[in-house]
Protein chains: 2
Amino acid sequence: MSVYTPAEVVEETGFSIDTLRYYEKIGLLERVDRNAAGQRRFSQEDIGWLGMVRCLRDTGMPIATMLRFAELVRAGDHTIPDRIKLLEEHDRQVQAQIANLAERQSYIHHKISYYRSLL
Amino acid sequence: MSVYTPAEVVEETGFSIDTLRYYEKIGLLERVDRNAAGQRRFSQEDIGWLGMVRCLRDTGMPIATMLRFAELVRAGDHTIPDRIKLLEEHDRQVQAQIANLAERQSYIHHKISYYRSLL
DNA sequence: GCTTGACATGGAGTGCGCTCCAGGTCTCAG
DNA sequence: CTGAGACCTGGAGCGCACTCCATGTCAAGC
């Protein structure tokens with residue numbers, strides 16, 4: 001079972017060390033193990049969870065919602081239906097974001113075409 | 001040439017009155033005409049520009065960049081090539097956002113499938 | 001004539017998500 | 001033995017994009 005130093009997790013996940021400590025402080029990341037000197041040693045599971053966090057964060061989920069999801073995960077397997085519901089709801093929002101961006105993008109394309117027609 | 005009261009512009013554009021005043025204050029919206037009593041009377045052009053602002057804002061363009069675009073528009077027709085460049089660059093960023101969302105979405109789909117497999 | 005409500009202004013406050021800082025500990029290369 | 005550097009903590013600060021507030025003016029309906 002491999003462990004990771006803070007520097008390695010920064011490298012691996014793209015989160016800054018400050019962000020990692022912040023996530024731990026607010027409970028988005030469960031209390032990370034420490035070595036004898038009190039330094040963080042992240043587990044493989046931590047890395048996996050951070051992958052999920054990155055996905056949710058980068059698709060615009062607010063921290064408060066990620067926190068609810070984290071609590072469901074910690075509460076055990078009986079929350080799996082709730083987790084599915086939460087992710088499905090988020091999925092719909094992501095879908096809406098994509099649709100919205102695509103629509104706005106066509107406006108931008110029209111504007112560019114219009115500008116080009118003036119040259 | 002029609003004019004619009006603040007309430008009408010709120011209705012039309014979806015921006016709050018506070019946001020409209022904020023945009024005017026920072027120069028994202030050019031000084032809006034006033035009636036004798038000092039109340040804003042928006043022009044058709046203002047409405048059109050606000051449509052553009054909404055598009056750019058909703059596709060994630062920072063205010064500082066919208067401000068640069070606004071300055072190009074005000075500077076006259078010789079800036080059209082620059083406007084095209086700016087919009088094209090933004091278009092690429094929108095494209096990247098869409099691609100990124102789609103990729104993250106497939107991760108979410110996998111996670112949902114995985115959870116379903118546990119039921 | 002009076003009330004109501006839409007609007008004005010300048011400036012302070014808010015919420016989110018970090019990000020930075022001061023001051024301290026521990027480890028390791030030279 | 002020393003100095004550098006990775007890490008620790010609690011707490012303050014920041015950037016963005018608004019949002020709210022106190023106070024005041026004007027216009028229209030009853």
Residues within residues 17-28 of chain A bordering DNA chain C, heavy-atom distance below 4.0 Å =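 DNA chain C contact set from residues 17-28 of chain A: A:D18, A:T19, A:Y22, A:Y23.
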**Q.** DNA chain C contacts among residues 47-61 of chain B, heavy-atom distance under 4.0 Å
**A.**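 Within this stretch, nothing sits under 4.0 Å of the strand.
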With a 3.5 Å cut-off and no angle check, do the side chains of A:D82 and A:T79 form a donor-acceptor pair?
->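 Per modelled atom types, A:D82 and A:T79 side chains form no pair under 3.5 Å.
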When all nucleic acid strands are considered with a 4.0 Å heavy-atom cut-off, which category describes B:A64: base, sugar-phosphate, or nothing?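 Answer is nothing: B:A64 stays at 4.0 Å or more from every strand.
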_So A:A36, base contact, sugar-phosphate only, or nothing? Heavy-atom distance under 4.0 Å._
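No contact.
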Taking [X] first and then [Y], would you say they form a salt bridge - that is, a charged N and a carboxylate O separated by under 4.0 Å?
X	Y	result
A:E71	A:R68	no
A:E89	A:R92	yes
B:R104	A:D58	yes

| request: Counting heavy atoms from C-beta on, name the nucleotide in D:dT9, D:dC8, C:dT27 closest to the side chain of A:R31. | output: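 Between D:dT9, D:dC8, C:dT27, the one nearest the side chain of A:R31 would be D:dT9.
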CZ of A:R40 versus C1' of D:dC7: gap in Å, rounded?
->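 The distance from CZ of A:R40 to C1' of D:dC7 comes to 9 Å, rounded to the nearest Å.
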| request: Report the residue from A:V53, A:I26, A:L56 that forms a side-chain contact (heavy atoms from CB on, under 4.5 Å) with A:I63. | output: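 It is A:I26, the one option of A:V53, A:I26, A:L56 that forms the side-chain contact (heavy atoms from CB on, under 4.5 Å) with A:I63.
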Check your understanding: Linking I/L/V/M/F/W/Y whenever their side-chain heavy atoms sit closer than 4.5 Å, directly or via other members, would A:L87 and A:I98 fall into one cluster?
Key ->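 Yes; A:I98 is reachable from A:L87 via cluster members.
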* **hydrophobic_cluster_shared for A:L29 and A:V3, side chain cutoff 4.5 Å** =>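 No, A:V3 does not connect to A:L29 through the hydrophobic network.
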Practice problem: Can you see which heavy atom on A:Q105 is nearest to which on B:D91, and at what distance? | Solution: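 The answer is NE2-OD1, 2.9 Å.
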(Q) Using OP1 and OP2 only, check whether a side-chain N or O of A:R34 sits under 4.0 Å from C:dT25. (A)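 So the side-chain polar atoms of A:R34 never come under 4.0 Å of the phosphate oxygens OP1 or OP2 of C:dT25.
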